[in-house]
2 protein chains.
Amino acid sequence: MELSCKSEYALLALLELSTHYNTGEPLQIRQIAAKQNIPDRYLEQLLATLRRAGLVRSQRGAKGGYLLTQEPWKITLFDVVSCIEGIDAQSEQESAPTTTESLVVRGMWREVRQAAEAVLQKYTLQDLAEKRDAKHQMDIMYYI
Amino acid sequence: MELSCKSEYALLALLELSTHYNTGEPLQIRQIAAKQNIPDRYLEQLLATLRRAGLVRSQRGAKGGYLLTQEPWKITLFDVVSCIEGIDAQSEQESAPTTTESLVVRGMWREVRQAAEAVLQKYTLQDLAEKRDAKHQMDIMYYI
DNA sequence: GCAAACCCCAGTGGAGAACCGGGGTATACT
DNA sequence: AGTATACCCCGGTTCTCCACTGGGGTTTGC
């Protein structure tokens, strides 16, 4: 139930890509890592899995970098964390004597998961960007 | 976001204690472990943390065992998992350059947690027991 | 007093998180 | 063409936590 570093990094990186989305220019790992102070070699791995999941695409070579494959309002936070956290179809693991009680417990846990996922589904990268901008405005107001 | 073994075991054990609550007699680790097929030495540790959290009390010596400290409808699933999962006050860990973006991300994660916790808050051990009984009835119906 | 229970502490094996590093490959620019 | 600049892939490391096992101590009922 804790927000992992992985997911936070991924969200921050995609948020950065969101704000540069309209330029059409790719953003480089180094730039993202510097702005959000994320270890760059680690971020590289995360972006690789995001690429494999189809959320971003990469351009190799000089002047390369990463771009979102979709508009920021089409990518939900659920898309991000579920791919980075590796949902794995959650597997319904074992064979062994599953008691009635454990079925009941797992059933209610599904409700918990669905409640959490509902929240993640309703927010998009766009929403995050807007919240950040709103927060920036607030900070400026208070500064004056 | 996955249900850990720990929490599942703890919930199953408390569910077992719930059904024997009206007898007033203590239930032993071995009995609980056998019925829910949980490794007993492991369950011992979980019951110890539940005891330290005040959810159960223990009776030592021969004919000893564990009892709920409260009625089953007074113990929410949130009480159980938060104590077993060790909430640790979630610590707001680091000092370092927290960016505006990461504050926004964490703010939305709080919403996710609260949604999950809301579900856990609304269910009690009593509810689990009733669901189990209902499920048993269903199974009997289908069996005929 | 003795066996049945809980109590405490310690250790182990495996998995995953959060990194770091090296060498390979594609691409833009000169 | 050649070179610098990016991404790409594969590996290892340290650390923490989970799930579990084991040994020895203490309380209690018969």
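Chain naming here is simple, since letters A, B, ... match the order of the sequence lines and numbering starts at 1 in each.
Atoms CD and OH, on Gln59(B) and Tyr66(B) in that order, are 11.5 Å from each other to the nearest 0.5 Å. Taking NE2 of His136(A) as the start and CD of Glu101(B) as the end, the distance is 6.0 Å to the nearest 0.5 Å. Between the CD atom of Glu16(A) and the CZ atom of Arg132(A) there is a distance of 7.0 Å, given to the nearest 0.5 Å. Within the model, atoms CD of Gln70(B) and CD1 of Ile75(B) stand 5.0 Å from one another, a figure rounded to the nearest 0.5 Å.
Rounded to a whole Å, the CD1 atom of Ile38(A) is 16 Å from the P atom of dA17(C). Taking atom CE on Met1(B) and atom P on dG16(C), their separation rounds to 17 Å, with Å as the unit. Straight-line distance from the CZ atom of Arg30(A) to the P atom of dA6(D): 7 Å, rounded to whole Å. If you measure from atom CG of Leu67(B) to atom P of dC6(C), you get 11 Å, rounded to the nearest angstrom. Rounded to a whole Å, the CD1 atom of Ile32(B) is 12 Å from the P atom of dA5(C). Distance, Leu27(B) CG to dA5(C) P: 12 Å, rounded to whole Å. Per the geometry, CG belonging to Asn37(A) stands 15 Å off P belonging to dA18(C), to the nearest Å. Distance, Ile29(B) CD1 to dT21(D) P: 14 Å, rounded to whole Å.
Side chain Glu44(B) to base dC6(C): no donor-acceptor pair is found below 3.5 Å. Put simply, the side chain of Gln59(A) and the base of dC7(D) share no donor and acceptor less than 3.5 Å apart. Evaluation of atom-type donor-acceptor distances gives a pair under 3.5 Å for the side chain of Arg60(B) against the base of dT26(D).
Ranked by how close their nearest DNA chain C nucleotide is to the 5' end, Ala62(A) and Asp40(A) are led by Asp40(A). Of the two residues near DNA chain D, Ser7(B) and Gly61(B), the one whose nearest nucleotide lies more 5' is Ser7(B). Summary of the strand contacts: Gln28(B) and Ala48(B) both lie near DNA chain C, and taking for each the nucleotide with the nearest heavy atom, the more 5' one is attributed to Gln28(B).
Counting heavy atoms of neighbouring residues, nucleotides and ligands inside a 6.0 Å radius, atom CZ of Arg51(B) exceeds 12 of them.
The side chain of Ser58(B) contributes no N or O atom lying less than 4.0 Å from OP1 or OP2 of dA5(C). Residue Arg51(B) has a polar side-chain atom (N or O) positioned under 4.0 Å from OP1 or OP2 of dC7(C). A close approach under 4.0 Å does not occur between any side-chain nitrogen or oxygen of Arg41(B) and OP1 or OP2 of dT12(C).
Residue-level contact check: Leu47(B) touches neither bases nor backbone, having no heavy atom under 4.0 Å from any strand.
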Begin with the C-alpha distance, continue with both residues' side-chain angles, and end with the deciding distance and a verdict on side-chain contact (heavy atoms from CB on, under 4.5 Å) for Val105(A) and Leu3(B). CA-CA 10 Å; Val105(A) 168; Leu3(B) 175 60; 4.0 Å; yes

Might you work through the side-chain contact (heavy atoms from CB on, under 4.5 Å) test for Ser7(A) and Val80(A), ending with a clear yes or no? CA-CA 8 Å; Ser7(A) 294; Val80(A) 181; over 6 Å; no

Using nucleotides 12-18 of chain D, report all nitrogen or oxygen pairs with the protein that are shorter than 3.5 Å.
none

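Residues Val56(A) and Leu68(A) form a side-chain contact, since some pair of their non-hydrogen atoms from C-beta on lies under 4.5 Å apart.
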